[in-house]
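Notes follow the structure.
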Amino acid sequence: AAANWQSDAETIVYSGEPSVTRQAGTLDLSTQRSSRVSVVVSYKAVGHLDTHGVYSVQADRSSGTLTFKLDKVDGQWRIASLPNGILISSVDFQQTYRQVQLYQRASSSKTLVPDNRWLSWRQWRTLAVNELIRGAASYLGRAVSPVVDDNTSMHVDSVPVNNDGKTEVKLSDTSSMSESDLAMLVHQIRLTLGDGSPDYEIQVTDASGADLSHVDDGIDLAVNQPSMRLYSLSNSAIVSIASSNLIRLGEVGGAGIQAKGMAFSSSGGAVLREDGVAECIDQSVKSCGMMFDGRQISVIAGGLDGEVWAVPKDSGVLLVSHDGKTSSFETPWLEGYHVTGMAVSPEGSRLTVAASSADGRQGGVFMLGIQRKSNDAVVHLADSPICVSAQSDISAITFYNESTLVYAIRNAAGGYQQIAPGPQSVQTLPKNTVGLAAGLFDQTQSLFSMDGNGQIRCARGALTSSWRTVDFQSNAISSGR
């Protein structure tokens, strides 16, 4: 059994205690005793890890069974056959696997994109460099631009730390790579192994013995994390909330009365009116007409530099508007669901969509890549989103930072947070949270919540901070530059 077992085929993460049952076995007629038995393990799955360290949730595999066959040899039971992969508890998973952020180059070449993986603690550096060379996770699609060609790999399948404290990486032949791509690869390796630090010391060589350790000295590309602030829509006025001193920016008129949503930044945005129409708001907080041809919209969200993302009620598409131009993208993977929340990552290369079935019993949070041109215009959405949570009936969702998602459950006193993709954990939120946003408050990264009564609260400095009230009688909140 050991010779054929592939331990890295799949890792199933379960919660609770699995149940173990023994099935009737084969009878040895000479001894009248069982010579083979089957043991069935039943479990509740909360996550799956593929061979590349990408974590996902599969709603249709929330429970499962594994069958082990045992033979009796010399009076002892030995495993004769077993399924490929590993079954591990959620507690042991956190102790066995390390969250590693691979840094991929965005299609726009203007930012790096976080590609979160979960790798074994014992050899995470080696696995991380191998995965970086192999390429980005499939759910990112064309949102990232590869720098490595098929001729480049690891020359030595090990990434040790030498006596000088430098991490050693030995690459194969790099002669087919351009100087700019080779410099970018070394930069990506440095950030990945250094947990984002551009000053992390590495020693990189290739098969010829050439020292590549500093070929990235002129590169300062990182994950763009623009300074965001909170905007609220209160009594038909848009208010900037960057500290305890609220700044009233202007009136939006009737569009703000009982509005259902808002996407706003210093470049302008939109208000989702009570009648389901998205009304354009310019940077001076004045109406600039109906958006999306007046179609009925269920959810809007802000993107890069005044982008407005929208989900129409009548079709399976996502819309994005910027500088008066609207693009439409098909979403066949959302068939049978309605969208309840949406958020664009800070660097603009990933989109998360919270969706639920009509009865609210099924749903999930999906993440996919956004391909952009060099001018940041959206040209494509990845074809194969990843499900990062099977939670249904989500009322609000936001990126707290470049990697952490926070989402609220409708009519509940709480929600969840997770490094996405990755295991989720409980997040304390005010009861009946209907809006979430993240941004600076008193120059400190903070999470904002709006409840069904329009009360806005802030958890300043950390997701575990206590909540304090910062505004009342609001209809919507949004974060933006």
Side-chain angles (χ1 to χ4, degrees), residues 15 46-47 55-60 62 139 259-263 272 276 297-303 309-313 316 318 331 333-346 350-368 381 385-401 403-438 447-457 459 463 467 474-479:
S15 65
V46 293
Y55 189 98
S56 65
V57 174
Q58 299 174 14
D60 59 342
S62 59
Y139 71 88
K260 299 191 294 182
M262 176 178 69
L272 183 57
I297 302 296
S298 58
V299 174
I300 63 172
W309 291 73
V311 181
K313 292 182 179 179
L318 290 176
T331 55
W333 44 275
L334 282 174
E335 184 177 354
Y337 292 91
H338 68 275
V339 175
T340 60
M342 186 165 49
V344 177
S345 61
R350 293 163 296 154
L351 176 70
T352 57
V353 178
S356 180
S357 60
D359 59 9
R361 295 181 179 179
Q362 293 183 325
V365 178
F366 302 91
M367 180 179 285
L368 64 158
L381 297 183
I386 189 172
C387 182
V388 300
S389 172
Q391 293 294 329
S392 61
D393 214 14
I394 291 172
S395 59
I397 187 169
T398 190
F399 277 90
Y400 176 70
N401 54 31
S403 295
T404 304
L405 279 176
V406 180
Y407 38 97
I409 307 301
R410 192 177 307 279
N411 299 322
Y416 295 91
Q417 61 158 296
Q418 64 183 139
I419 295 175
Q424 66 183 22
S425 58
V426 173
Q427 171 64 43
T428 301
L429 295 172
K431 186 177 181 179
N432 193 26
T433 292
V434 297
L436 286 170
L447 179 67
F448 298 90
S449 163
M450 186 186 75
D451 65 21
N453 296 319
Q455 186 172 356
I456 300 176
R457 297 178 177 89
L463 292 177
W467 292 89
S474 298
N475 298 113
I477 58 174
S478 174
S479 58

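Note that this is a predicted model, so its numbers are computed, not measured. For reference, positions follow the sequence shown, starting with 1.
The line from CG of L429 to OG of S449 is 6.0 Å long, rounded to the nearest 0.5 Å. The distance from the SG atom of C387 to the CZ atom of F366 is 4.5 Å, given to the nearest 0.5 Å.
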Exercise for the section: Let me see the working for I397 and M342 under side-chain contact (heavy atoms from CB on, under 4.5 Å), right down to the final yes or no. Expected result: CA-CA 6 Å; I397 187 169; M342 186 165 49; 5.5 Å; no
Exercise for the section: Using the side-chain contact (heavy atoms from CB on, under 4.5 Å) rule, take V299 and T340 through it: C-alpha gap first, then chi angles, then the decisive distance, then the call. Expected result: CA-CA 7 Å; V299 174; T340 60; 5.7 Å; no
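Taking 4.5 Å as the limit, every side-chain heavy atom of I386 sits out of range of all side-chain heavy atoms of L368.
No side-chain donor-acceptor contact under 3.5 Å links S389 to the backbone of V365. Between the side chain of S478 and the backbone N or O of A301 there is no donor-acceptor pair closer than 3.5 Å. With hydrogens and angles ignored, the 3.5 Å screen pairs no side-chain donor or acceptor of T404 with any backbone N or O of N401. A donor-acceptor contact shorter than 3.5 Å is absent between the side chain of H338 and the backbone of A355. Without hydrogens or angle criteria, S345 side chain to R350 main chain gives a donor-acceptor distance under 3.5 Å. Using modelled atom types, one side-chain atom of T331 and one backbone atom of G316 make a donor-acceptor pair closer than 3.5 Å. The main-chain N or O of N453 is found under 3.5 Å from a side-chain atom of D451 such that the two form a donor-acceptor pair.
Minimum interatomic distance between A263 and I300 (heavy atoms only, all atoms of both residues): N-CD1, 3.8 Å. Minimum heavy-atom separation, S298 to L272: O-CD2, 3.7 Å. Closest approach of V406 and Q427 over heavy atoms only: CG1-CG, 3.9 Å. What you find for I297 and A310 is that their closest heavy atoms are CG2-CB, 3.9 Å. Smallest separation of non-hydrogen atoms from G363 and S392: N-CB, 3.8 Å. Here the shortest heavy-atom pairing between P421 and M367 reads CD-SD, 4.5 Å.
Looking only at atom types and distance, the side chain of Y407 has a donor-acceptor partner in the side chain of Q424 under 3.5 Å away. A donor-acceptor contact closer than 3.5 angstrom is absent between the side chains of S425 and Y416.
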